[in-house]
Every structure is written in structure tokens, then in C-alpha cells.
Amino acid sequence: NDGSVTASPEDAYDSEYLCPVSIDGQTLALDFDTGSADLWVFSTSLPSSEQKGHTLFDPSKSTNWKALSGYKWNITYGDGSGASGTVGTDVVTVGGTSVSGQAVEIATKVSSAFVSDTANDGLLGLAFSSINTVTPKAQHTFFDTAKSSLSSPVFTADLKHRQLPGTYDFGTIDSSKYTGTITYIDVDTANGFWEFTGSGYAVGSGSFVSSSIDAIADTGTTLIYVPDAVVTAYYKQVSGASYDSSQGGYTFPCSATLPNLTLGIGSYHAVVPGQYINYSPASGSKCFGGVQSDSGIGFSIYGDVFLKSQFVIFDGSSTPRLGFAAK
Ligand SMILES: O=C([C@@H]1CCCNC1)N1CCCCC1
């Protein structure tokens with residue numbers, strides 16, 4: 001049973017996108033994250049000080065809840081945030097797609113970043129189930145659980161820039177949501193991510209530089225993190241741009257005109273509009289860039305600043321692949 005759900009920007013800067021998810025009739029706003037594989041929720045089991053402002057899942061009110069005795073989870077994200085707790089299964093509905101027996105991870109502890117992010121009631125992981133953190137047995141993602149009931153084993157992301165709701169679709173590729181053709185690229189699932197090799201980049205009207213870029217498509221990461229060569233080439237074209245260690249990244253005068261960034265996906269040139277790369281005000285009249293260095297991560301991350309410029313197909317067939325199209 002295919003489904004479609006709205007993805008609403010959490011704030012004016014599209015720092016994350018939240019989607020309504022119903023667990024046995026209790027609806028929470030979850031951050032769909034193709035960079036992780038745990039479905040976890042704020043719950044009544046959290047200390048009351050950590051519950052404030054969030055919608056909580058209360059398993060005691062669910063008729064379909066089945067606790068998994070002795071099962072636990074503990075996740076740490078790349079930005080240092082994290083959460084942990086216990087596990088059960090329940091009926092989970094996203095748009096028109098409903099699955100039973102879905103592992104739902106109940107938070108009994110969450111880090112301060114999640115406590116203060118009061119619009120966010122948890123995450124719905126859409127990476128590969130191989131990196132699910134539940135012990136003693138890893139659990140399936142919502143997509144893996146739903147896959148066999150979908151018309152096609154795919155989901156798509158159509159995220160929007162600034163203030164507009166987008167959609168995640170499960171089971172179908174809606175041809176009204178993109179223009180031109182879809183370019184597919186192979187995915188390497190060894191690390192559990194939607195990982196692929198980009199073919200290069202161009203800055204503004206400059207020539208395309210062919211280079212292999214090991215990257216993941218991560219809807220749960222806000223910005224684009226790419227190799228220093230790309231970052232340097234990009235901000236060289238932005239007058240007044242500089243690396244500001246106090247802000248932890250490149251900033252530039254908010255009045256600057258930002259060039260487009262083209263990222264190669266095979267022979268397809270995906271264009272990120274320059275305006276998308278003025279992420280948010282930083283300090284004074286400086287703004288923080290949506291393109292930053294991937295140094296220390298181990299690979300590049302094509303996050304929301306990139307993904308919202310494209311229509312993206314996450315193809316979970318026996319040979320997983322990613323598809324990209326303009327829109
Ligand atoms: O934890 C994360 C991100 C954090 C933001 C949400 N998506 C997952 N990582 C990025 C991918 C490599 C591993 C670390």
C-alpha cells in the first residue's frame with residue numbers, strides 16, 4: 001500500500017524536515033533520515049525535564065504495542081547528539097503506508113540537542129537496516145518493513161526550499177514531480193548508507209572538474225559537506241568569504257551573490273542554486289554557507305541543501321541505486 005507524506009521545514013532555514021507519523025493512532029513529527037536506520041520516538045519513559053515541548057509516544061495507551069523484552073538501542077550521530085532506550089513493535093502509518101510489527105524505539109535518554117529541538121519528536125531512519133543499533137537483534141527500518149507491500153520497492157524525496165512543504169512518497173515515482181530524465185547511480189551499501197561516487201563539480205559558470213567524490217545522500221544532514229578542493233574553489237568566487245573558526249565554517253557577507261554549485265552524478269549535472277547556499281545568518285552581517293568541508297567525516301555528505309534542489313529516488317530493489325532528476 002503506497003503512501004505519500006508531507007515533509008515540512010522545521011524553521012526558516014530548512015534545518016530539518018518533519019513528517020507526521022502515526023504509531024497506533026498517536027501522531028508524532030519525525031525527522032526522516034536517510035543517514036541512519038533507527039525509528040525512535042520521544043516517550044513518556046523520558047525524565048519529565050526532557051519531555052517538555054515534545055509530543056510523546058505512550059506505549060501503555062497502544063493496543064497493538066508489543067514490548068521486546070531485553071532489547072535496547074543506543075545511537076550517536078555524527079554531530080555528537082544521541083539517544084537510547086528500549087524497544088517494542090507496533091502499527092506504524094506514514095501517509096497511506098501502514099505496517100504492523102514495526103520496531104519502535106522508545107527513548108529513555110536523549111541528548112540536550114534533541115531536548116531543545118522541540119518540533120522534533122524523533123527520527124525515522126531510512127538508511128540500510130544493517131546499521132540499526134538495536135541489540136541483541138538489529139531491527140528493520142520502516143522502508144524495509146513496508147517494501148513487500150509497495151507497488152515498487154522505492155521511496156522518493158521531493159524536499160523544498162524555504163517555507164514550502166515537500167513530500168516523501170513510498171512505492172511510486174510520481175512523474176509530475178520532476179522534469180527531464182532520471183539519472184541512476186550505483187549505491188555501495190557496505191557502510192549502511194545510500195553511498196555513491198559523484199563525478200565532479202563546477203562553480204558558477206566555471207568549467208566542470210571531473211573528480212570522484214565518495215558521498216552519501218543524507219536527508220537528516222542539513223548542509224553539503226564536500227572535499228576541501230570543492231569548498232576552496234566555491235568560496236573563491238564569493239567576495240568577502242572566509243573560514244570563521246568561531247562559527248565553525250565558511251561565512252560571507254549576507255549581501256554576497258552566491259554562484260550555483262553543480263555536482264556531477266554520472267553524466268548528469270545537478271545544479272544547486274546559489275541562493276540555497278546562503279544557509280542562515282551567522283553573526284552581524286555575515287551569513288553561514290550551505291557548503292562546508294567534509295574533513296574528518298571520512299566521506300562527503302550531500303545533505304538537504306543539495307537534496308532539495310533535486311527529485312531523488314531511493315531505489316531499494318535487490319541492486320539498490322539512487323536516482324536524481326531536475327524539477
Ligand atoms: O550521524 C550522522 C548523520 C547525522 C545527521 C542525521 N543523519 C545522520 N552521520 C552522517 C553520516 C555518517 C555517519 C554520521
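Numbers here are sequence positions counted from 1. In each ligand, atom 1 is the first atom listed, and ligand 1 is the first ligand listed. Computed from heavy atoms alone, side chains included, the values below leave out hydrogens, waters and symmetry copies.
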> Just one of Leu46, Thr55, Leu28 clears the side-chain contact (heavy atoms from CB on, under 4.5 Å) bar with Val41, so which one?
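With Val41 as partner, side-chain contact (heavy atoms from CB on, under 4.5 Å) holds for just one option, Leu28.
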> Aromatic ring centroids of Phe193 and Phe299 under 6.0 Å?
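Phe193 vs Phe299: aromatic centres under 6.0 Å.
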> Can you check whether Phe32 and Phe155 have ring centres sitting under 6.0 Å from each other?
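Not close enough - the centres of the two rings lie 6.0 Å or further apart.
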> Tell me if a side-chain donor or acceptor on Asn260 pairs with a main-chain N or O of Gly274 at a distance below 3.5 Å.
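The answer is yes, because a donor-acceptor pair under 3.5 Å joins these two groups.
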> Please report the closest heavy-atom contact between Glu10 and Asn120, naming both atoms and the distance.
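Nearest heavy atoms, Glu10 then Asn120: OE2-N, 4.2 Å.
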> What does the list of residues with a heavy atom under 4.0 Å from ligand 1 look like, ordered by chain and number?
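Contacts of ligand 1 under 4.0 Å: Asp33, Gly35, Tyr77, Gly78, Phe193, Ile216, Asp218, Gly220, Thr221, Phe299, Ile301.
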> For the pair Tyr276 and His161, name the ring-plane relationship: parallel under 30°, tilted 30 to 60°, perpendicular over 60°.
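The arrangement is parallel - the two ring planes meet at less than 30°.
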